[in-house]
K.L.:
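So that we are looking at the same thing, I have put the structure below in C-alpha cells.
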Amino acid sequence: DGGITQSPKYLFRKEGQNVTLSCEQNLNHDAMYWYRQDPGQGLRLIYYSQIVNDFQKGDIAEGYSVSREKKESFPLTVTSAQKNPTAFYLCASSIAPGQGYNQPQHFGDGTRLSIL
Amino acid sequence: GEDVEQSLFLSVREGDSSVINCTYTDSSSTYLYWYKQEPGAGLQLLTYIFSNMDMKQDQRLTVLLNKKDKHLSLRIADTQTGDSAIYFCAETPPGGSYIPTFGRGTSLIVHP
C-alpha cells in the first residue's frame, strides 16, 4: 500500500543534542512538508519542499533543518538551537502545484519528540 | 492574511448529529478540506469541497459551504463513539505555493 512512513514514533533528546526525524513516502508525490503540532494548537509549517534538492522555510523554521536528496525522503533535523522542541511532528506529502488544484495532503502517523 | 477559525470543543450524545463549524478569510480559496485526527495519529482526509459547490454529501458526512459568509461546516449524522477525534478544517489558496492553512481543530467528544 502507498503511504507515508515516519520513524521513530517516539524520540527523546538530551540537551545540546541534534536529532533527525525520518519521513519516507511511496506515493510518488513531488511535494513534502513538515509540521509541528502542540496541544490545543493547529499545525505550524516548519519546512516544505516542492522538488528534489529544493526546499523553503515555513513559519517556524528556526532551530530546524531539512534535506531533500531523494523524491521519497524528507528528513527533519531538530538542532540544539531549537529551545523548545517537545512536540508532535507530522510529515505530509502532496502532488506539486501546477499538476491540479485538488491537492490534499497525505500525512504520516507522526513522531513525538520529548526532552530528557 | 489568511486565517481559519474553529471552535475548540464539541460534545454530543451517541446517535445525535454533530455539526462542526469553520470560518475562513481568504475569499479566493479553491478547495476546502476536512481532516480527522485520532489520538497519537496523523491527519486523515475525510472529505473536501470545491469552492463552486454549496454542498457535498458522502455517506454520513455532509459538507456545507456558504461562500458569502466564508463559512464551512461538517455534519456527521448518527455520531458514533468512533467519531471522537479532532477535526481540522483547511483552505487552499488558488495560487502561489498551494500550501493549505489549517484551523486549530475541533475536539469532538461523543458520550453514551
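Protein chains get the first letters and strands the later ones, always in sequence-line order, with residue 1 at the start of each.
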K.L.:
So for atom NZ, which belongs to A/K57, do other residues, nucleotides or ligands contribute more than 12 heavy atoms lying within a distance under 6.0 Å?
P.N.:
no
K.L.:
Taking everything shown except A/E62 itself, do over 12 heavy atoms lie less than 6.0 Å from its CD?
P.N.:
no
K.L.:
Using modelled atom types and a 3.5 Å cut-off, is there a donor and acceptor pairing between side-chain atoms of B/Y35 and backbone atoms of A/Q105?
P.N.:
yes
K.L.:
Check for me, please, whether A/L45 and A/L113 land in the same ILVMFWY cluster - side-chain distances under 4.5 Å, paths through other members count.
P.N.:
no
K.L.:
Where does B/L43 contact chain A at under 4.5 Å (heavy atoms): side chain, backbone, both or neither?
P.N.:
both
K.L.:
Just wondering, more than 12 heavy atoms not from B/K67 lying within 6.0 Å of its NZ?
P.N.:
yes
K.L.:
Say you draw a straight line from CD1 of B/I99 to OH of A/Y33; how long is it, rounded to the nearest 0.5 Å?
P.N.:
6.0 Å
K.L.:
Within a 6.0 Å radius of atom CD1 on A/I51, are there more than 12 heavy atoms belonging to other residues, nucleotides or ligands?
P.N.:
no
K.L.:
Name the region of A/I4, side chain, backbone, both or neither, that has any atom closer than 4.5 Å to a heavy atom of chain B.
P.N.:
neither
K.L.:
Rounded to the nearest 0.5 Å, what's the gap from CZ on A/R44 to CZ on B/R104? Could you check?
P.N.:
9.5 Å
K.L.:
Of the non-hydrogen atoms in A/P104 and B/L45, which two are nearest, and what is the gap between them?
P.N.:
CB-CD2, 3.5 Å
K.L.:
Applying a strict under-4.5 Å side-chain criterion to I, L, V, M, F, W and Y, I'd like to know whether B/L64 and B/Y87 cluster together.
P.N.:
no
K.L.:
Measuring only between side-chain heavy atoms, which start at C-beta, is B/Q37 closer than 4.5 Å to A/L90?
P.N.:
yes
